[in-house]
Number of protein chains: 2
Amino acid sequence: MVQYQPALDSAFGALADPTRRGVLARLGRSDAAIGELARSFRMTLTGMQKHVRVLEDAGLVATKKVGRERRCTLGPRRLDEATAWIEDYRRTVEARLDRLEAFLERTKEEK
Amino acid sequence: MVQYQPALDSAFGALADPTRRGVLARLGRSDAAIGELARSFRMTLTGMQKHVRVLEDAGLVATKKVGRERRCTLGPRRLDEATAWIEDYRRTVEARLDRLEAFLERTKEEK
DNA sequence: CTGATACTGAACCATGTGGTTCAGTATATC
DNA sequence: GATATACTGAACCACATGGTTCAGTATCAG
């Protein structure tokens with residue numbers, strides 16, 4: 001591990017699992033208790049609990065105990081850093097392609 | 001695992017590690033052999049080899065054997081799916097916030 | 001040809017991940 | 001109060017991850 005950006009680590013890490021992306025999509029429609037999510041995704045409550053924990057640690061989900069349920073909603077993190085990172089990357093790739101193109105153009109002229 | 005989108009899994013998974021994000025940034029400046037990358041990031045060749053393999057599997061890096069070196073360049077995948085996923089998500093969050101706002105507005109009027 | 005350099009592959013290690021079961025505790029319902 | 005429901009936490013499991021070392025093989029330089 002060389003450069004720490006824990007927000008990016010946890011955000012990308014959370015998004016790397018299809019169940020967790022599914023949970024985010026599900027919570028986009030409406031909030032839900034852990035038990036409901038577990039049933040939707042056909043896994044044990046305890047299993048879903050762990051996914052929710054990962055999403056919560058990444059700031060992508062917020063939870064609150066209501067009666068005997070724990071209600072989950074989409075959390076405060078908007079993935080701005082993640083988007084920004086990818087955008088930066090995209091620009092780098094494009095700059096690199098541009099340089100390559102310029103190089104090819106130059107060598108063509110030299111022929 | 002519930003909905004398979006292996007491209008997203010591997011892309012987000014690859015980006016979840018700071019060393020690998022660093023390697024992508026480094027390759028954005030110029031291509032490099034595995035050995036150079038290993039030295040830059042102060043790890044063994046074998047260690048770096050594994051990171052490069054992960055990036056290559058995700059389509060983010062391409063490699064080619066040149067003499068005794070293996071040269072690494074930024075690969076074909078442009079992270080379009082990843083960006084698209086995040087964008088979708090952002091829209092969902094915003095729609096949800098809009099609904100919440102509308103609800104608050106309505107209940108305010110009812111007062 | 002010899003030696004140094006660059007990589008490859010296998011084996012190992014500690015820790016993390018994605019799940020499970022099982023034994024609690026807390027809350028709701030009758 | 002008894003029973004069912006919802007969660008929590010600990011323990012376990014198989015497998016993946018992020019590293020290492022070590023023993024090769026391939027290539028370059030003299």
Side-chain angles (χ1 to χ4, degrees), chain A residues 1-27 30-58 60-73, chain B residues 1-27 30-58 60-73:
Chain A
M1 304 288 179
V2 67
Q3 32 168 297
Y4 284 109
Q5 264 151 295
L8 280 180
D9 289 8
S10 63
F12 284 132
L15 296 181
D17 183 276
T19 300
R20 286 192 294 262
R21 288 196 304 273
V23 167
L24 290 179
R26 167 66 186 75
L27 293 180
S30 74
D31 65 346
I34 294 190
E36 300 173 53
L37 294 173
R39 273 189 300 279
S40 294
F41 291 86
R42 281 132 213 272
M43 77 174 54
T44 57
L45 197 78
T46 312
M48 183 52 71
Q49 216 182 347
K50 290 196 186 183
H51 283 300
V52 168
R53 167 67 56 95
V54 172
L55 289 165
E56 199 170 8
D57 286 348
L60 293 168
V61 159
T63 75
K64 193 171 66 158
K65 193 92 191 195
V66 175
R68 64 186 161 180
E69 289 185 330
R70 178 169 294 277
R71 305 298 300 181
C72 307
T73 55
Chain B
M1 302 288 177
V2 68
Q3 32 169 295
Y4 284 108
Q5 265 152 295
L8 280 180
D9 288 9
S10 62
F12 284 133
L15 296 181
D17 183 276
T19 300
R20 286 193 294 263
R21 288 194 306 274
V23 167
L24 290 179
R26 167 66 186 75
L27 292 179
S30 74
D31 66 346
I34 295 190
E36 302 174 51
L37 294 173
R39 273 189 301 279
S40 294
F41 291 86
R42 280 131 214 274
M43 77 174 53
T44 58
L45 198 79
T46 313
M48 182 52 72
Q49 216 181 346
K50 290 196 186 180
H51 282 300
V52 169
R53 167 67 57 95
V54 172
L55 289 166
E56 199 170 9
D57 287 349
L60 293 168
V61 159
T63 75
K64 194 170 64 158
K65 193 92 191 193
V66 175
R68 63 186 160 178
E69 289 186 330
R70 179 169 293 278
R71 305 297 301 179
C72 307
T73 54

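Letters go in sequence order (proteins before strands), and every chain restarts at 1. Keep in mind that what you see is a predicted model, and the values were worked out from it rather than measured.
C:dG18 atom P lies 12 Å from atom CG of A:L15, rounded to whole Å. The nearest whole Å value for the distance from the CG atom in A:L45 to the P atom in C:dG19 is 14 Å. As a whole-Å value, the separation of B:M43 CE from C:dC7 P is 15 Å. As rounded to whole Å, 10 Å separates atom C1' of C:dT5 from atom CD of B:E69. Atom NE2 of A:H51 and atom P of C:dG16 are 17 Å apart (whole Å). Atom-to-atom, CD of A:E36 to P of D:dA6 comes out at 9 Å; the value is rounded to the nearest Å. In this structure, CZ of B:F12 is placed 20 Å from C1' of D:dA16, rounded to the nearest angstrom. Atom CE of B:M48 is separated from atom P of C:dT8 by 13 Å (rounded to the nearest Å).
Not counting sequence neighbours, the partners of B:A7 by the side chain to side chain contact (heavy atoms under 4.5 Å, CB included) test are B:R77, B:E81. Residues passing the salt bridge (charged side-chain N to carboxylate O under 4.0 Å, His left out) test with B:R71 are B:D31, B:E36, B:E69, sequence neighbours excluded. For A:R39, the side chain to side chain donor-acceptor pair (under 3.5 Å) criterion is met by no residue, not counting sequence neighbours.
Note on B:R70: every side-chain N or O is 4.0 Å or more away from OP1 and OP2 of C:dA6. Side-chain nitrogen and oxygen atoms of A:Q49 include at least one within less than 4.0 Å of the OP1 or OP2 phosphate oxygen of D:dT8.
Using a 4.0 Å heavy-atom distance criterion, B:R42 is classed as making no nucleic acid contact. Nucleic acid contact for A:R71: none, since no nucleic acid atom lies under 4.0 Å from a heavy atom of the residue. Nucleic acid contact for A:G47: base, since at least one base atom lies under 4.0 Å from a heavy atom of the residue.
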**Report entry** Heavy-atom protein contacts under 4.0 Å, nucleotides 22-30 of chain C, coded B base, S sugar-phosphate only, - none
**Finding:** B----BS--

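Map B:R39 and B:R53 each onto its nearest nucleotide of DNA chain C; the residue landing nearer the 5' end is B:R39.
Pairing each heavy atom of A:T44 with each of A:A38, the nearest pair is O-CB, 3.8 Å. Annotation for B:A14 and B:L55: closest pair CB-CD2, 4.2 Å, computed over non-hydrogen atoms.
A side chain to side chain donor-acceptor pair (under 3.5 Å) check over residues 45-56 of chain A, counting only residues at least two apart or in different chains, returns the pairs A:R20-A:H51, A:E56-A:T63.
Remark: A:K64 NZ is loosely packed, at most 12 non-hydrogen atoms of other residues, nucleotides or ligands lying under 6.0 Å away.
Listed nucleotides D:dT8, C:dG18, D:dT20 differ in distance to B:K50; the shortest reach to its side chain belongs to D:dT20.
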